[in-house]
Amino acid sequence: MLKALGTEMKSVIGEEKIIERKVEEQPHPLGNGGKITVLPSTEEEIAAVVKYANENGMTITVTGTGTKRGFGGTIEDADILLSLENYHGIVEHTVGDMTITVKSGTKFEELQRYLQKHKQKIPLDPAWPENATIGGVIAVNDSGPKRFRNGSARDVVIGLRTVYPNGSVIRSGGKVVKNVAGYDMNKLFIGSMGTLGVLTEITMKLRPLPEYESLLLLSFPKGGMEEIRSFAVRLLDTMLEPVTLELINPVLAEKLTGQSTYTLAIGFEDVESSVHYQEEYVKKIHPEAQLTILQEDDSREFWQQFYQIGPKGTDSPSKLVTEASMKIGVKNMAIPEVIKESVHLQDMYNLEVFAHGGLGHGLCQVHLKGAAQDIKSALTHLRNLVKDLGGNSVIKYLPLTLRKEMDVWGEKPSYFFLLEGIKKKIDPKKTLNNQRFVGGI
Amino acid sequence: MAMKGLKIKDKHIRSLANLLSGPKPILYHKEDLLAYDCDGFTIERHLPKAVVFPKNTEEVAAIVKYCHENMLPFLARGAGTGLSGGAIPLNNEVVISLTRMKKLLSVDLENRIAVVEPGFVNLKLTNSIADKGYYYAPDPSSQYACTIGGNVAENAGGAHCLKYGVTTNHILGLELVLPNGEIIEIGKDGIPDSPGYDLLGLLTGSEGTLGIVTKITVRVLKNPEDKQTVLAYFDRVEDGSQAVSDIISTGIVPAALEMMDKTAIEAVEAAAFPVGHPRDIAAVLLIEVDGISSGIEEQISKILKVCKSRNVREVKVAESERERARWWANRKTGFGAMGAISPNYLVQDGVIPRSRLPEVLKKINEISEESGLRIANIFHAGDGNLHPLVLFDARVPGETERAIEAGSACLKVCADVGGTITGEHGVGIEKREEMRFVFTDEEIVAQTDVREVFNPDNLLNAGKLFPTPGRCAEVKKELKASTS
Amino acid sequence: MNMKIDEKILQSQVQDTPCSTSSLSNYFEKDAPDEKKWADCVHCGICLESCPTYEVTGQEQHSPRGRVHLIKSVAEGKLSLNEQFMDPVFACLDCRACTTACPADVEVGPLIEEARGQIRQAMPLTGWKGMMSKFFLEGLFPHHERLNKVGTLLKFYQKSGMQTAVRKTGLINIMPDHLVAMEGVMPKVTQSVRKKYKHEDVIKAKTETKSEVAMLTGCIMDVMFGDVNDATVKVLTRNGNDVTIPKEQTCCGALHVHAGDREMGRKLAKQNMEAFHDADTVITNAAGCGAMLKEYPELFREDPEWHEKAVEFSKKVQDISKYLYDTGYEIPKAELNTKITYHDACHLVHGQGVRQEPRDLLINIPGVEMVHMPNADRCCGSAGIYNLTNPEMAGAVLDNKMENVPEEVEMISMGNPGCMLQMAMGVKKDGRNQRVVHTVQLLNWAYEKEDKKREEENEWQ
């Protein structure tokens, strides 16, 4: 079987770009693999592989470096694992236009380092920037604490080239920052978990690198949620322009700062005078607070560490402890409640729980470590709480066996027939990332 | 008002009237319908079958359901300020006017969201929360009158979207009536990232072809601590456009960066809100920066320096809020002001990469000379969004056609330099054919495929957005499907 | 019922529309709406939200842009001068807010008035509206002596206790609703200045004479708000103006022109121009009248001789608030200690472009605290006799207005008698206890208080 697949693939793409799995090799415990791996390095090759698979009833899992392997999907192996690791590089960067077009397999940090030379940046802050590819970041719509001020992938991407299951390349958007010609198809692909097409080229808006940055770590030893909440409300009602307003639970705070208290991470990025002015302002509105200010490199270092706290799909999961991650969306001011509950989970289920959530953007990330059964119970517990708060929850990381037991996407929305309809229109044969997304689409 | 007592001959009109409440909820006399034969795009005019004025979502759904069951084409309309003809009833539609659904339903400043009905006027939202220091960012020039529902349909932009983004960046939730009358809700309470494809993003800017929005949750923002506005006059357009690029390259993201050329200046100075621009200059730049005060000072001095290095004739900073407001009123009423120097105008909406500005302006100038029609330029220079205004007199035989041609030629220029045909006005009727400048048949079919999921019978706002012979491709595809 | 009669007339009239030219236009040739006025309209829609009737109905035929579109359509032969056309054209409040909003300066107001003239030529008014209109416009307003009699009657009605009787006995129940509401707020009638100063050719300035002005007393103003006129005379003379009140002056004609009776409008205009021929400055304190006088040239588009006279005349007309502000006036010294708000009369703000001057006059009075009224320049629904002819719409417009009037003020100041009556009705309907005043009254009270104080001080010395 494997042999036959390998032979078939060779008619589509060069032999050196195919890796056949050794017979003794086990499927990856996170699933989302392929019986055979292909590593195309051009868009034509990608299109050829996809087209061939589609025409011949094969299935494909799309991947970059694999940081999101534990996210969604209930299939151990598709026929083909289409890896974009070797499809990378900058296609076009017009400095004066502040836009960049890149190949989807390019690593995020690599891009930022390149742009730094031009005093520009992609205004996104995803997890594992050293490993994550830009294609992956866009396909799962990953975002970090700076989403508060900078927005998310949907605010940054202005154009895409997408290989459709039938092998055709569909362009959406363009190279300009404002565009309403036709439907905004970009939005359809962002966060679509690769279920509609393979993103090949991505064009994004850039922002100037801030001249100065600092990070205020405000700790609340008493841990009163009302105190945190009312401080946040007050801060948000001023004209300050924080980039982040992220509440961190004590366990995570200890890991990051050495201090085990609820901590608010308030970041400022602007010209230096403005950053300092805002620091002073925060001191004024919360004079009795315990405040640590990290300037420039210290601030950057903090964030670098921060983006590496969750489980990473490229690592093999440990056999001893189970890890999981949940992304939770609630109203901004419900964030403290969720973070507080994450602390209860620790005691209730004997877990290590890292949790943080943005009071300016309404998203929480909760990373759990412990015994498999406890993890399951804790996730269910959290999910119920979020439901009561009227929010949504998605499990972003979980080993395959557990993913088969719990629906990582939660309940189907009432308008699921539209989502299903779109999938059917574009990928009727379920060639791409089958069952990876909501309701098994 | 005693509507239902009247004998209405048309059975459908009678049935539709019975689904509605409120005073005079349906118009069907030709005299009344005439006011609905076009929107802000006046070149094509078609009478609707009727205009209905539902008061709530249920009435919208009932009307839509009735139309769907009886195969009557229909479309939604807000204030009718759209510039591409999106609300024109090409197929004798039943026009569903949402002007009576104009309530501000709730404001939740702690969570920075507001919920409005689709007929709520854009500027009213900012006015309702201004006293608390908040505002709604998208500010199309028609914001005095245009509705947020219409803004969603068109994904409206505005002068300040350079820094803060367009409508789609501020929409957090929608309630929507699908073309079969079903009501769905996406993005409850403004909570981000509902699992599933980003339908909010897809619907915003779908020009009313996928559903009728009946409730909208938007993000509101806190006012910046300070803002400053600069006016700069240039003797050469090239200097002006170069200054635009330079400002952006210094790392400043202005809240707005607007430009007007000589003809545009002539119009705004002849119209209702003149500010005394010199008539002999080639270009005026209106630059606004906002944010934390101390940062602004620095930015302003950088901007002044850039302007000077680009041979600015005169540059000044607004000294009072009143002066600033005057400058903006002058700019924002720019389109309407064309009425003061020309009986008709056709406004285009191309977008280009900022760096190509000088060459594109030169080409537009050539188009003007070739067509023998004056073209004024008002544009959001900061994001490369051009509004060439082709001036013409519809009473002169042949001028309308020449104006349309010239407009289309401008868009071709934009597309050819890697830009697009519309940045904020939408495709509507006007730019259907020009869609071919930027999309292949296959890419257009990819879009109509999505439409079919929502609007399979194509009763809702049919004939908009996509080129008509695009059907060729659809037909080809069908043929292919049936033969394979 | 009425509609049927109107329709019959309409059919008989419209069929033989004397459209003798070969054009498609369905207008009468004489005094037809001016093509140049709608040519400027590019259909942008910025006017929509400024329009009170659009706000109430949400319908475009009741918006400025829609009305202009319909007016143009008649000229293009797409519509006829019929009932369906009449409805939107006559539902216009003529508040001119659209003129202020319009980026291209389209003169919607004059266009509407021209269209109304056409409709009246095609279909003379009948029924209740016709009677009302005939009574007020032809029988009453142009005749000062008759108005005075009404004034006397009103005074009698109020003083004799009959008012109380009517209210108590329930007689009021048989009057139409909107008249009942109106009756409830009729001001206490004071003496007309035309009567008061009938023996004086010139009312001399109290101080050294700086200039000479003539005053238009207005119809409603002089009868219903004699005290406002009196205050105007006092304020003018105190600030060095000799005031004359030409006896031959008559109604300004605004109500007639609004109603489409342009012939009568022209007749009254001519009489006024003659009456004020010798004056260099014509002062008005009724915004509606002032705006009309300034627009006399519009009536004589087809009569070059009178047109020229009208242009000259219109330059002489000044609203009292602007006149005082521009020529300089004495800022009162006494404190009034009151919280007020200001309502922009449409014909002052939109019709004459006077917005800041009256506000400044008020703010400069010591002790006056001005509370901001949102949408202060939104019509109150009075609009001449619109509140009598279109009571439902006027009521809806008034409700919208009252939502914006701050609760905490003691007085609402404005510069037009029609607004004063309508706003008084709004205050009453809303169950409030606020006083409706004219700007010049407040100024005069401040002067009087100052004088009184000085007298008292003098007595002490």
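Hydrogens, waters and symmetry mates are skipped; everything else that's a heavy atom, side chains included, is used. Treat the numbers as computed from the prediction; the structure is a model and nothing was measured. Letters go in sequence order (proteins before strands), and every chain restarts at 1.
Contacts between A/Phe416 and chain B at a heavy-atom distance below 4.5 Å are absent for every atom of the residue. With a 4.5 Å cut-off on non-hydrogen atoms, B/Val351 touches chain A through its backbone and its side chain both. Contacts between B/Glu298 and chain A at a heavy-atom distance below 4.5 Å involve the side chain alone, from C-beta outward. When heavy atoms are compared at a cutoff of 4.5 Å, B/Leu202 approaches chain A by way of both its backbone and its side chain. For B/Asn155, the parts lying near chain A are the backbone and the side chain together; criterion is any non-hydrogen pair under 4.5 Å. At a 4.5 Å heavy-atom cutoff, the contact between B/Thr168 and chain A is made by backbone and side-chain atoms alike. Residue B/Lys188 does not touch chain A at all, counting heavy-atom pairs closer than 4.5 Å. Contact annotation for B/Ser293: neither backbone nor side-chain heavy atoms come within less than 4.5 Å of a heavy atom of chain A. Neither the backbone nor the side chain of A/Thr99 comes within less than 4.5 Å of any heavy atom in chain B. For a residue to count as touching a neighbouring chain, one of its non-hydrogen atoms must lie under 4.5 Å from one of that chain's; by this rule B/His380 touches chain A with the side chain only. Using a 4.5 Å cut-off between heavy atoms, B/Ile352 contacts chain A through its backbone alone, with no side-chain atom that close. Neither the backbone nor the side chain of A/Glu420 has a heavy atom closer than 4.5 Å to any heavy atom of chain B. With a 4.5 angstrom heavy-atom cutoff, B/Phe439 touches chain A via backbone and side-chain atoms both. Neither the backbone nor the side chain of B/Glu297 comes within less than 4.5 Å of any heavy atom of chain A. Residue contact with chain B, scored on non-hydrogen atoms closer than 4.5 Å, is absent for A/Leu359.
When the candidates B/Pro224, B/Gly384, B/Ser84 are compared by the number of heavy-atom contacts under 4.5 Å with chain A, B/Pro224 comes out ahead. Contacts with chain B were tallied for A/Glu241, A/Lys175, A/Lys424; A/Glu241 has the most, counting heavy-atom pairs under 4.5 Å. For chain B, the option among A/Ser168, A/Pro208, A/Ala181 with the highest count of heavy-atom pairs below 4.5 Å is A/Ala181. With chain A as the partner, the residue from B/Gly350, B/Gly133, B/Ser206 showing the most heavy-atom pairs under 4.5 Å is B/Ser206. Comparing A/Arg207, A/His276, A/Lys423 by how many heavy-atom pairs each has under 4.5 Å with chain B, the most go to A/Arg207. Counting heavy-atom pairs under 4.5 Å between each of A/Leu240, A/Val233, A/Asp237, A/Ile426 and chain B puts A/Asp237 at the top. Among B/Asn169, B/Asp246, B/Asp349, B/Val427, the residue making the largest number of heavy-atom pairs under 4.5 Å with chain A is B/Asn169. Between chain B and the options A/Val394, A/Val177, A/Ile422, A/Val438, the largest number of non-hydrogen pairs under 4.5 Å is found for A/Ile422. Per-residue counts of heavy-atom pairs under 4.5 Å with chain A were compared for B/Gly157, B/Gly165, B/Gly196; the largest is that of B/Gly196. Of the residues considered (A/Gly182, A/Pro210, A/Gly174, A/Ser192), A/Gly182 shows the highest number of contacts with chain B, using heavy-atom pairs under 4.5 Å. For the set B/Asn223, B/Ile421, B/Val166, B/Ile252, the entry with the most heavy-atom pairs within less than 4.5 Å of chain A is B/Asn223. Comparing B/Asp108, B/Ile186, B/Leu162, B/Ile248 by how many heavy-atom pairs each has under 4.5 Å with chain A, the most go to B/Ile186.
Between B/Thr209 atom OG1 and A/Tyr183 atom OH the span is 2.5 Å, to the nearest 0.5 Å. Taken to the nearest 0.5 Å, the NZ atom of A/Lys425 stands 8.5 Å off from the OG1 atom of B/Thr448. Remark: B/Gln299 CD to A/Asp270 CG distance equals 7.0 Å, nearest 0.5 Å. Rounded to the nearest 0.5 Å, atoms CG (A/Leu235) and NZ (B/Lys222) are 11.0 Å apart. In this structure, CG on B/Leu178 lies 5.5 Å from CG on A/Leu418, to the nearest 0.5 angstrom. The distance from the OG1 atom of B/Thr420 to the NZ atom of A/Lys178 is 12.0 Å, given to the nearest 0.5 Å.
Put simply, the side chain of B/Asp383 never gets that close to the backbone of A/Val176: no donor and acceptor are under 3.5 Å apart.
Remark: B/Ser355 engages A/Thr94, A/Asp97, B/Pro353 in a side chain to side chain contact (heavy atoms under 4.5 Å, CB included) (not counting sequence neighbours). With sequence neighbours excluded, the residues forming a side chain to side chain contact (heavy atoms under 4.5 Å, CB included) with A/Gln120 are A/His93, A/Val95, A/Met98, A/Leu115, A/His118, A/Leu206, listed by chain and number. Partners of B/Arg432 according to the side-chain hydrogen bond (donor to acceptor under 3.5 Å, both in side chains) rule, which considers only residues two or more places apart in sequence or in another chain, do not exist here.
Nearest heavy-atom pair, A/Leu236 versus B/Tyr134, reported as atom, atom and distance to 0.1 Å: O-OH, 3.7 Å. When all heavy atoms of A/Arg147 and B/Pro192 are compared, the pair lying nearest together is NH2-CB, 3.7 Å. Here the closest heavy-atom approach between residue A/Val180 and residue B/Glu207 is recorded as O-OE2, 4.1 Å. Closest non-hydrogen pair, A/Gly391 versus B/Ile191, comes out as CA-CD1, 3.8 Å. Summarising the geometry of A/Asn392 relative to B/Asp193, their closest heavy-atom pair is ND2-O, 3.6 Å, with the distance given to 0.1 Å. Contact detail for B/Ser294 and A/Ser274: the closest heavy-atom pair is OG-CA, 3.3 Å.
In this structure, A/Tyr415 has its ring center no closer than 6.0 Å to that of B/Tyr197.
The closest side-chain donor-acceptor pair between B/Glu225 and A/Tyr281, if any, does not fall under 3.5 angstrom.
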Requested in this report: Would you check, one step at a time, whether the test side chain to side chain contact (heavy atoms under 4.5 Å, CB included) holds for B/Thr440 with A/Arg171?
Outcome: CA-CA 9 Å; B/Thr440 63; A/Arg171 292 168 307 153; 4.0 Å; yes
Query - A/Val275/B/Ile292 under side chain to side chain contact (heavy atoms under 4.5 Å, CB included): CA gap, chis, key distance, verdict - result: CA-CA 9 Å; A/Val275 169; B/Ile292 302 293; over 6 Å; no
**Report entry** side chain to side chain contact (heavy atoms under 4.5 Å, CB included) evaluation trace for B/Leu200 with A/Arg154
**Finding:** CA-CA 11 Å; B/Leu200 283 182; A/Arg154 73 195 298 282; 4.2 Å; yes
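Residues of residues 327-338 of chain A that come within less than 4.5 angstrom of chain B, heavy atom to heavy atom, are A/Lys327, A/Gly329, A/Val330, A/Lys331, A/Asn332, A/Met333 in numerical order.
Other residues, nucleotides and ligands place more than 12 heavy atoms under 6.0 Å from the NZ atom of A/Lys121.
A salt bridge links A/Glu211 to B/Lys302: at least one charged side-chain nitrogen sits closer than 4.0 Å to a carboxylate oxygen.
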